[in-house]
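Lettering of chains follows the sequences in order, A, B, ..., and the numbering in each one begins at 1.
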Protein chains: 2
Amino acid sequence: MKYNEAKDKFIQAWGTLAGSWGISRSMAQVHALLLISPDSLSAEEVMEDLKISRGSANMNLRDLIDWGLVFKELVPGERKEFFYAEKDIWKVAKQIINERRKREIEPILALLEELKKVEGNKNDKKHKAFIDTVGNLESVVDKADFALTRAIKLDENALVGALFKLFK
Amino acid sequence: MKYNEAKDKFIQAWGTLAGSWGISRSMAQVHALLLISPDSLSAEEVMEDLKISRGSANMNLRDLIDWGLVFKELVPGERKEFFYAEKDIWKVAKQIINERRKREIEPILALLEELKKVEGNKNDKKHKAFIDTVGNLESVVDKADFALTRAIKLDENALVGALFKLFK
DNA sequence: CATAACTTTCAAAATATATTGAAAGATATT
DNA sequence: AATATCTTTCAATATATTTTGAAAGTTATG
């Protein structure tokens with residue numbers, strides 16, 4: 001396989017995968033491009049390379065910065081901004097996990113906590129099933145949140161070592 | 001909060017959350033409804049309760065069965081089929097993790113393995129960066145796959161206990 | 001075997017999401 | 001302070017996804 005073919009496949013696949021992970025396809029494609037670029041790229045280069053509009057390039061770069069996955073760089077003597085991605089994949093993974101945790105797990109836990117307070121007859125089958133399901137769900141989500149929160153505080157080797165022992 | 005309000009909020013929230021997790025919104029809504037129903041429901045009841053079409057009710061129930069989250073039940077004396085959800089949330093979580101692992105992680109690992117074989121000059125900066133990124137990505141994804149595969153083989157208490165020790 | 005009861009299919013329609021690009025907004029340069 | 005360079009915005013448009021519902025398919029019943 002030639003470099004250009006491999007590059008396109010990589011960007012394409014990363015976009016598709018991300019799509020099923022709550023990250024927009026083109027944001028993931030921009031990310032993929034920056035991940036394999038040894039040098040920082042300008043918005044112009046990104047839009048030309050991926051054949052996307054100026055607006056889209058700008059928005060996606062912005063979103064990637066919000067996610068903490070991409071950084072701006074100001075090159076002396078150049079007017080325009082350059083962008084580069086965090087290359088340490090473990091840091092990337094931690095960053096994504098933590099962002100999604102904050103954006104999704106925290107709100108759902110707050111909601112479940114609310115829903116447990118539903119009024120009603122304790123002898124009603126439906127009411128009981130509802131309380132049970134919501135409570136069990138909260139318990140599992142809460143444990144997952146706990147584990148993720150701690151896991152991202154470790155460095156990769158510590159986590160891998162610990163997991164290896166755990167599952168030996 | 002009244003039962004009906006809580007129920008609607010739960011179904012709504014579960015649908016929204018699932019949307020950002022690669023599961024379709026209405027499949028998640030049907031799932032939510034069955035999760036809090038003490039009794040099995042017919043397709044008819046699902047479509048009436050959620051105000052969705054017959055076709056959609058059928059397709060989503062089918063998909064939920066494919067995901068191993070919902071089962072058919074044949075009630076003696078009744079022509080129609082009834083559906084009920086797995087209520088053990090830990091089992092539900094394991095099932096979802098494993099399905100997504102199979103559907104998404106396995107293909108991406110196969111692709112990354114392919115991409116590492118890209119032809120090219122080892123002294124080219126771009127080529128080198130590409131190989132590095134793909135290799136690092138494969139390593140992280142592979143470790144995650146390993147951990148998930150093992151984790152879903154444990155029962156909930158064993159996993160929680162082990163994680164608690166790990167992160168103490 | 002004809003009819004009724006129920007399930008499945010799928011092309012068309014509706015809805016939701018992503019993308020564009022031209023114009024407005026910044027900021028630097030002369 | 002006028003102009004050039006670059007960034008951001010956002011309404012319009014294009015694309016993708018979901019949903020519908022009527023018709024076809026299937027299976028049970030008398």
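One interatomic measurement links the two molecules: CE of B/Met47 to P of C/dT7, which rounds to 11 Å at whole-angstrom precision. Nucleotide D/dA16 holds its P atom 7 Å from the CZ atom of A/Arg25, rounded to whole Å. Rounded to whole Å, atom C1' of C/dT27 lies 11 Å from atom CD of A/Glu81.
Residue pairs meeting the salt bridge (Lys or Arg N to Asp or Glu O under 4.0 Å) criterion with at least one partner in residues 31-50 of chain B, sequence neighbours excluded, are A/Lys125-B/Asp39, B/Lys7-B/Asp49, B/Glu44-B/Arg54.
Of the candidate nucleotides C/dT19, D/dT19, D/dT7, D/dT19 has the atom nearest to the side chain of B/Ser26. Comparing C/dT29, D/dT7, D/dT29 by their closest approach to the side chain of A/Arg79 singles out C/dT29.
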Can I get a per-line list of side-chain donor-acceptor pairs under 3.5 Å for residues 67-76 of chain B, giving both atom names and the distance, sequence neighbours left out?
unit_1, atom_1, unit_2, atom_2, d
B/Lys72, NZ, B/Glu81, OE2, 2.9
B/Glu73, OE1, B/Ser40, OG, 2.3

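If you check every strand for non-hydrogen atoms under 4.0 Å, A/Glu44 touches nothing.
Heavy-atom neighbours of B/Lys91 NZ from other residues, nucleotides or ligands within 6.0 Å: at or below the threshold of 12.
Salt bridge annotation for A/Arg100-A/Glu104: present, with a cationic side-chain nitrogen under 4.0 angstrom from a carboxylate oxygen.
Ring pair B/Trp14/B/His31 is tilted by interplanar angle, where 30° to 60° counts as tilted. Ring geometry for B/Tyr3 versus A/Phe130: interplanar angle over 60°, hence perpendicular rather than tilted (30 to 60°).
Non-hydrogen atoms lying under 4.0 Å from DNA chain D are contributed by B/Lys51, B/Ile52, B/Ser53, B/Gly55, B/Ser56, all within residues 48-76 of chain B.
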